[in-house]
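Encoded as C-alpha cells, the structure appears first; notes follow it.
Residue numbers begin at 1 in each chain, while the letters A, B, ... track the order of the sequences.
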Amino acid sequence: MRIVEGLPPKGSYHKVSIDTELFGLNQKKLHRPAGRFGCLTICPDGKTVYLITKDSDIEKALNRVDRARWVMHNAAFDIRHLRRWTDIAPRKPDKLVDSLLIERILWGGYYDTFALDDLARRYLGIKTEKETRKAFFDPDGVLTSQMKSYAARDAIHTWKFSGSQERFLEKDPDAWKIWSEVDGPALWAVLDFKGFKVDVKKWAALAKKNAAICEELQAKTKFKLSSPKQVLAELNAFGKKKNIPALEFLDSTNAAYLDELRDIPLVATILAFRDAHKRATTYGDNVIRDFVEDDGRIYPSFNITGAETGRMSSSSPNLQNIPAEADYRACYIADIGNLLAIADYKAQEPRLTAAMSKDPVMIEAFENGEDIHMTVAREIANALGGEPDRKLGKAMGLASTYGMSAQGLAAKTGMSLRDSENMIREYFRRFAGVYRWTISQKAFALQHGYVVTLAGRKIWVNPHSRQGTTTNPLNGPIQGGAADQTKRALGLLHKHYGRKIPLVGVIHDEIVAEVKKSDVKPFVKQLEKCMLEASDWLTGGIVPGGVDIHTGKSWAAKG
DNA sequence: GGAGACGGCGCC
DNA sequence: AAAGGGCGCCGTCTCC
C-alpha cells in the first residue's frame, strides 16, 4: 500500500474506489451532512491511495477521476457528505457502483452482513481492525498516520473486492439489470429527497398525552409495567391466586394473547399502558429532539435495500412505521403554499401474485377493475355460503402468498380450524393458478436455493429451514417484486425531475411528495405516469397497474 | 458502562 | 408440531 498525500495526477483512470471520512458525526445521524471533513481517499489500482485532507481540494480531486467508474461502499454516505463541498451530479450506473448495494443484490438472503469489513473478509480473506474508526467520532480529532492508513486501507479493499463482484455480475446479467434499472436510479432519487415537514406542536401534544397516561397507570401499579418479565410473573401469580388457568400458565404477554383476557382489569391496565408507552417512547418527544432540524423537517435515512427481499427500509427516524391513525399522520405536513401528494399502488402485492402465477381468474378480476379482496371474499362465499366479507378475503389472499397455515388463518380470523381449512382449500380451487404457482415456487427454491422476482432480483433462501422452503419462496418474490416496482418508479420520476424531485418519503407501496400548489396538477399526472410505467415494466402488462393519488395539507389527507 | 439478546409492537 | 413475510426502535435484562 502506497499512500500519496495530494491529488491524483491528471490521467485516464478506468476505475477508482472512493472513501470519505468525517470527524464528529452524530451516531444517530450518520446520513446527515454534518461534522468536519476528515479525508477523502481515492484508489485507482488497488495499490496506490491518493489522500486528500483539505476540503478545498475535494472538487479538483473528483474532477480528475470524473470519467472513471467510481466504486463506493455505501455511496449514499459519501455522496451526501461530499455534496457539502462540491456538486455531484447523478452518474450513470456504470459510472457509480455501490459495492454495498451490489452485494445485497448478489447475496440478499444468503449473507446478512454487508459492511466493508465483511466483504474484505469474504472476498479477500482479510480480517481488519475497527478500533481506529472510533477516533473519527471525536469532533476535535486530528488525522493521525494510523487514521490515514485506516482510510487508505478501506479504499484499497473496496477497489479489490469490487473486482470480485464484477466477476459475479458478469455471470448474472439480471443482477446488473437490477442495479442499473432499479437500485441505482433509486439511490440517486433518494439522495435528492427533501425533508418532511413536521407539526412539532401537534406531535409534542400527543407525546405528552401518552406520557401522562403511562405515568398514571404506572403510579397505581406495584410492578414495572414496561418490563415483560415482571408483567408475566405478576400475571402468573395473579392467575394462580384467582384460579384463572389462562393467566397462571401464560407464557407470553404479547397483545395477541392478552387481548382475549382484557376483561380482567389487570390485563386491561397492561394493554393500555403498552399502547401509551409505545406512543410516548418510539413516537415521543425524542423524535423531535433527535431528528427535527432547524427547518422544521425530518430527514429519514432511506436504505435502498434494507431487507433481504429487496425492500427499502427507513431509519433515524423510521418513517415507515408511523402510526396510521389520523392524529399521527396529521403531524406530517406541507409547508405554507404547498400540498402533499400521496400516491399508493392499489393492491400492489395481489397484482404481483396474479402476474407471477398468471392465474386467469385473478387477472380477469384486475382487468375488470374489481376490488380483489372483495372478489376473493365473493368467490369464497359462493362456495361455502354466507355473505362476502372483504376483511376475510384480504386475510385469505395474504395468507395464501405468505404460506400461512390453516391454524394461522384460524387464529387470525377467529374461525374454527375446520372452517379455515375449508376456506384455504376453496381459495386454491378457485385460484388454481395461484396454487400451482405456490407448488412450483417451493420446488424451485429447493432446487436452486433461491427465488427470483419478476424483475430478476435473486433472493436466496435457506433450503434447510421451514421458512426457507415454505413461506419465503412465496413471499420473497412478491414483496421483492413490489419493491422493484416502487424503486423503479422513484428512478423514473428522478429521471424526469432531476435534482428538483419533490419527494419527502416512500413507504413500500406509497410515495409522498410536497409540491407547490400551482404545480400539483402536472406533478400528480407525472407521478401517476411513472408509477404505472414501473408497474408495466415489472409485469410486462400481464396485469393492469393501479395507482391512487390524493392531495392535502397533511399526510392524514384522505382521497 | 457498553454490547447484544429478547420481548414487544408500530408500519406495509 | 405447526400462530404469515419484511423491517426499526423501545425498554429491560444479562453479560463482560
* Reading 5' to 3' through nucleotides 4-12 of chain B, protein heavy-atom contacts under 4.0 Å coded B for base, S for sugar-phosphate only, - for none -> ---SBBBBB
Set of residues satisfying side-chain hydrogen bond (donor to acceptor under 3.5 Å, both in side chains) with respect to [X], sequence neighbours excluded:
X: A/Glu325; answer: A/Arg279
X: A/Glu308; answer: none
X: A/Asp290; answer: A/Lys28
X: A/Asn26; answer: none

* Asked: Below 4.0 angstrom from OP1 or OP2 of C/dG8, is there any side-chain N or O of A/Ser315?
  -> no
* To do: Determine: side-chain N/O of A/Gln467 to OP1/OP2 of C/dG4, distance under 4.0 Å, yes or no.
  => no
* According to the salt bridge (charged side-chain N to carboxylate O under 4.0 Å, His left out) rule, which pairs have a member within residues 452-464 of chain A, sequence neighbours left out? -> A/Asp172-A/Lys458, A/Asp183-A/Arg457, A/Arg457-A/Asp484
Collect all protein-nucleotide pairs involving nucleotides 13-16 of chain C in which both atoms are nitrogen or oxygen and the distance is under 3.5 Å.
unit_1 : atom_1 : unit_2   : atom_2 : d
C/dC13 : OP1    : A/Ser227 : OG     : 2.9
C/dC13 : OP1    : A/Gln230 : NE2    : 3.3
C/dT14 : OP1    : A/Lys229 : NZ     : 3.0

Under 3.5 Å, which donor-acceptor pairs do the side chains of residues 504-514 of chain A form with other protein atoms, sequence neighbours left out?
unit_1   : atom_1 : unit_2   : atom_2 : d
A/Glu510 : OE2    : A/Trp555 : NE1    : 2.8
A/Glu514 : OE1    : A/Arg297 : NH1    : 2.7
A/Glu514 : OE1    : A/Arg297 : NH2    : 3.4
A/Glu514 : OE2    : A/Arg297 : NH2    : 3.3
A/Glu514 : OE2    : A/Asp335 : N      : 2.7
A/Glu514 : OE2    : A/Asn338 : ND2    : 3.0

* Specify the residues of residues 421-443 of chain A, ordered by number, for which at least one heavy atom lies under 4.0 angstrom from an atom of DNA chain C. => none
Could you pull out every donor-acceptor pair under 3.5 Å between side chains of residues 104-112 of chain A and any protein atom, sequence neighbours left out?
unit_1   : atom_1 : unit_2   : atom_2 : d
A/Arg104 : NE     : A/Thr305 : O      : 3.2
A/Trp107 : NE1    : A/Tyr123 : OH     : 3.3

* Not counting sequence neighbours, which residues clear ring pair (Phe, Tyr, Trp, His ring centres under 6.0 Å) with A/Tyr283? List them please. =>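 A/Tyr283 satisfies ring pair (Phe, Tyr, Trp, His ring centres under 6.0 Å) with no residue once adjacent residues are dropped.
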* Structure fact -> Sequence neighbours excluded, the answer for ring pair (Phe, Tyr, Trp, His ring centres under 6.0 Å) partners of A/Phe366 is none
* Asked: Between the main-chain N or O of A/Phe444 and the side-chain N or O of A/His448, is there a donor-acceptor pair closer than 3.5 Å?
  ->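 Side chain of A/His448 to backbone of A/Phe444: a pair is present.
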